Amino acid sequence: MKNVGLILFGSFLVGVAYNFFLIPHEILSSGLSGVAIMFGLITPLNTGVVNLLLNLPLLVIGLMKLGKRFISYTILSVLAISFSLYAIPIIKVSTEPILSAVFGGVMTGAGIGLIFRASGSSGGFDILAMLLTKKKDFPIGSILTAMNAVVVLASGFIFSWDAALNTMITIYATGKVIDMIHTNHVKLTVMIITSKGEEVKEKLLSNLYRGITVMNGEGAYTGEGRAVLVTVITRYQLTDVKKMIHEVDPQAFVNVTQTVEVVGSFHRAS
């Protein structure tokens, strides 16, 4: 229930950010939601309806290809965001576009960060990223950046280049806040030092579609043996992985670092 509450609250924050700060100034957000805002502005359709329609094909594919828990929470998030965009009135809180871009980006990042912490996503490009990394190691960071660049360019050509620059501010602010609350990095290296190496390994292997490297270590002060487990995960799995480790060994030392590049497959061999 806690995760459901976080997702609903985070989705509400995203809806408020869009309808109070971004849409009144023709500022787009990152990802598929930015495309939904654009179509909501240039067509008679409500942004919430467009957001749901654009996400629907990806949600159907994700339901078949991705984990049930992740996609269930993502479906809840998409529905909640779409409903918020439909139900919340569009009000121009500030007459200053730059301030609206910053505050809208911060609020959007807070909402999406909470959704990530609840093991879900806001849909759109995040589902696409999960689908692409399911079988092969695509450069997802570059792909997402390119997709967002298309959103920015579309904003410039359709509305104005001032709107495009404000959209860039919003995307930057959103990413920074997500980074503070959860993580904005697509791939992460997790190093686990634990006295229950076999139990942690079995827990992760039974729930995680990732390879794990196990090494033997020794505490410098105590001289006691420790297992050192190393794996590479995506940001969407971080909350679940930390929870699984804590369930087996609450005293485990866990170091999570940004992974710039992975050479070779980091999926578990089938």
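Sequence positions, counted from 1, serve as the residue numbers for this chain. Computed from a predicted model, the values in this text were never measured in an experiment.
- Contact check for Phe12 versus Ile81: no side-chain heavy atoms found under the 4.5 Å cut-off.
- Residues Ile115 and Leu6 have side chains not in contact (no heavy-atom distance under 4.5 Å, counting atoms from C-beta outward).
- Within a 6.0 Å radius of CG in Leu153, other residues, nucleotides and ligands contribute more than 12 heavy atoms.
- A heavy-atom distance below 4.5 Å is not found between the side chains of Leu238 and Asp240.
- Around CE of Met38, the count of heavy atoms belonging to other residues, nucleotides or ligands within 6.0 Å exceeds 12.
- Taken to the nearest 0.5 Å, the CE atom of Met107 stands 11.0 Å off from the OG atom of Ser100.
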Evaluation steps, side chain to side chain contact (heavy atoms under 4.5 Å, CB included), between Leu114 and Phe9: CA-CA 8 Å; Leu114 290 176; Phe9 181 66; 3.6 Å; yes
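- For the pair Val35 and Val151, the minimum side-chain heavy-atom distance is below 4.5 Å.
- For CG of Asn255, the number of neighbouring non-hydrogen atoms (other residues, nucleotides, ligands) closer than 6.0 Å is greater than 12.
- No side-chain heavy atom of Phe21 sits less than 4.5 Å from a side-chain heavy atom of Thr108.
- By the side-chain hydrogen bond (donor to acceptor under 3.5 Å, both in side chains) test, Lys201 is found to be paired with Glu198, residues two or more places apart in sequence or in another chain being considered.
- Residues satisfying the side-chain hydrogen bond (donor to acceptor under 3.5 Å, both in side chains) test with Glu218, not counting sequence neighbours, are none.
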I would like to know whether Ile212 and Leu205 meet side chain to side chain contact (heavy atoms under 4.5 Å, CB included); could you show each step before the answer? CA-CA 8 Å; Ile212 300 171; Leu205 285 177; 3.8 Å; yes
Pair Thr231, Thr213 - check side chain to side chain contact (heavy atoms under 4.5 Å, CB included), show working. CA-CA 6 Å; Thr231 186; Thr213 299; over 6 Å; no
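- Taking the side chain as every heavy atom from C-beta outward, Ile42 and Ile158 approach each other to under 4.5 Å.
- With 3.5 Å as the limit, one finds no donor-acceptor pair spanning the side chains of Tyr18 and Thr47.
- The environment of Phe20 atom CZ is dense: over 12 non-hydrogen atoms of other residues, nucleotides or ligands sit within 6.0 angstrom.
- For Gln251, there are no side-chain hydrogen bond (donor to acceptor under 3.5 Å, both in side chains) partners at least two apart in sequence or on another chain.
- Counting all heavy atoms, side chain and backbone alike, Thr174 lies closest to Gly105 at OG1-O, 3.1 Å.
- Taking CZ of Phe159 as the reference point, atom CD1 of Ile37 lies at 9.0 Å (rounded to 0.5 Å).
- Scanning for salt bridge (Lys or Arg N to Asp or Glu O under 4.0 Å) contacts around Glu247 gives Lys203, with sequence neighbours left out.
- Side-chain atoms of Val102 and Ile169, non-hydrogen and from C-beta on, do get closer than 4.5 Å to each other.
- Across every non-hydrogen atom of Ile91 and Pro24, the tightest pair is O-CG, 3.6 Å.
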Per-pair distances, 0.1 Å, donor-acceptor, side chain in residues 51-61, under 3.5 Å, sequence neighbours excluded:
unit_1	atom_1	unit_2	atom_2	d
Asn51	OD1	Asn55	ND2	3.4
Asn51	ND2	Ser82	OG	3.1
Asn55	OD1	Gly124	N	2.6
Asn55	ND2	Asn51	O	2.8

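- With a 4.5 Å cut-off on side-chain heavy atoms, Val14 and Ser122 do not count as touching.
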Pair Phe116, Ser121 - check side chain to side chain contact (heavy atoms under 4.5 Å, CB included), show working. CA-CA 6 Å; Phe116 279 154; Ser121 82; 3.8 Å; yes
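- Residues satisfying the side-chain hydrogen bond (donor to acceptor under 3.5 Å, both in side chains) criterion with Asp249, sequence neighbours excluded, are Thr194.
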